[in-house]
Structure formats: C-alpha cells, structure tokens
*Asks:* 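A single structure is presented below for examination.
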Amino acid sequence: METQHIPPEWAFEFHGHRCPFMPIGYRMGMEALAHLGVEREQDHSFFIFPELGEGHPQTCMMDGMQVATGATYGKVLMAKTFYGKLAATFYHPSKGGVRFVLRPDFIDEMGAFEFFAYRKRGVEPSQIPAAIVDEVTQWMYERSDEAMFKVEPKPDFSFEPVKGSFNKTKCSACGEYVFDRYVRIKDGLPVCIPCSGYGKQ
Ligand SMILES: [Zn+2]
Ligand SMILES: [Zn+2]
C-alpha cells in the first residue's frame, strides 16, 4: 500500500506549524490502524507507546499519531517509553500490537534536506520558508511505506490500563478535590500529593 496519508488541515492548525514530522506520525498512525484492521478510536480502546523521549528532534511525530488514531494524550491513550527512538508500538486489546520504526536510511536521506540546516541553526519550523518545509514534506509523501517503515507485528503485546474510578476526596489541607488513587494520608487525614510533602509514589 502506498497511500500518502496527507493530514487534514486541522491537524496542522492543532500542531501549530508545518513540519515534516507531524505528517510522518500521521502516516505511521494511519498505517498502524490499517495493519491492525481498526477504525480511528472514539473512546478508550487503542493505545500508542511512542519510543520518543525529550531533548531530541522529531517528537512532532506524536501529534500526527494522535490525529490519525484518536489515541490521544488527553484520553490517556498515549504513554512515552523515553527510549529516545523514532518508533512506536500501537495496540488494540482485541487485535494485538504492531511496532513501526523509521528506517535509518530514510532518516539519513531526509537529513540532507535544507529544512534540517535551518533547524540545526536553531530556526523554529514556523520561521523556515514554506518552500523549504514543503520540499522535504513532499519528498516524504512520495516515499514508499517500505522505504520509510520497518513494521514488526507484536501479536502477543499486552497492556492493562489502570482501572478507572470516579471516587474523589477533598484534601484536608487545601480543600481541593483529589481522585482517590492519589490521596495520601498525613497525620491521619486525607491530603493531596502537593500538601502531603511526599513524592509522587
Ligand atoms: Zn512539528
Ligand atoms: Zn491539598
């Protein structure tokens, strides 16, 4: 399959700038849905585990993944592994998982485009001439799936999300609500984590 999977305009508005990586993540997400044979997730049954970390480029991919799949950060369907790799595992409880990796040769070829010379000089994507951004993005659209992605089926992948609960308590110190999973006890009274003086765990 060689579908370009060009993101809808609202995806660029949501993302905030034009760059090649949001569209790469979008394409990865669309391919993952097709591979697993599922539709864009409306509720809470599709998960993404991006292997990206922080303090490195190309994390924009994760916005495209969310747009494509509906597995969003806000629905708690996305959790980074912080491996610092350009890869992600996509998982549906009834379909298993699949891991997509950007091929090193693809990354190397893409890195030769002028877009990256601007980025390495610290120029933000919104400040890079549109023609320079479009050049690398169009090149990406024209690559084959095979040239871009290594695809590893992970039929045995499993993940158990935290069981949800609506129960909440008022913190005895600040009076703000805290969901019970996060309530701590201090001097025999329920408190929120910031009021507890304890760490997150
Ligand atoms: Zn971006
Ligand atoms: Zn409190």
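Every number for a ligand or one of its atoms is a count from 1 in the order of the listing. Predicted model, so just to flag it, every value in this text is computed and none were measured.
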*Asks:* With the threshold set at 4.0 Å, does a side-chain nitrogen-carboxylate oxygen contact exist between Arg27 and Asp145?
*Replies:* yes
*Asks:* Looking only at side chains, do His5 and Glu31 share a donor and an acceptor under 3.5 Å apart?
*Replies:*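 Checked: His5/Glu31 side chains pair up, N/O donor to acceptor below 3.5 Å.
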*Asks:* Whether Arg121 engages the ring of Tyr118 as a cation-pi pair (distance to the six-membered ring centre under 6.0 angstrom, angle to the ring normal within 45°) should be assessed.
*Replies:*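 Positive - Arg121 is close enough to the ring of Tyr118 and near enough to its axis.
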*Asks:* Aromatic contact between Trp139 and Phe115, with the criterion being ring centroids under 6.0 Å apart: yes or no?
*Replies:* no
*Asks:* Could you check whether any side-chain heavy atom of Thr89 comes within less than 4.5 Å of a side-chain heavy atom of Glu51, counting everything from C-beta outward?
*Replies:*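 Contact flag for Thr89/Glu51 side chains = yes.
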*Asks:* Around the Zn ion (ligand 1), how many protein N/O/S atoms fall inside 2.8 Å?
*Replies:* 4
*Asks:* When you measure from the side chain of Lys80 to the backbone N and O of Pro50, does any donor-acceptor pair fall under 3.5 Å?
*Replies:* no
*Asks:* Is it true that, when you exclude Arg40 itself, more than 12 heavy atoms of the residues, nucleotides or ligands shown sit nearer than 6.0 Å to its CZ?
*Replies:* yes
*Asks:* By residue and atom, what protein N/O/S atoms are less than 2.8 Å from the Zn ion (ligand 2)?
*Replies:*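 Listed by chain and number, the nearby protein N, O or S atoms are Cys171 SG, Cys174 SG, Cys192 SG, Cys195 SG.
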*Asks:* Between Phe159 and Phe49 (judged by ring centroids, cut-off 6.0 Å), do the two rings come close enough to count as a pair?
*Replies:* yes
*Asks:* Could you check whether Lys95 pairs with Glu41 (Lys NZ or Arg NE/NH1/NH2 to Asp/Glu carboxylate O, under 4.0 Å)?
*Replies:*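 No salt bridge links Lys95 with Glu41.
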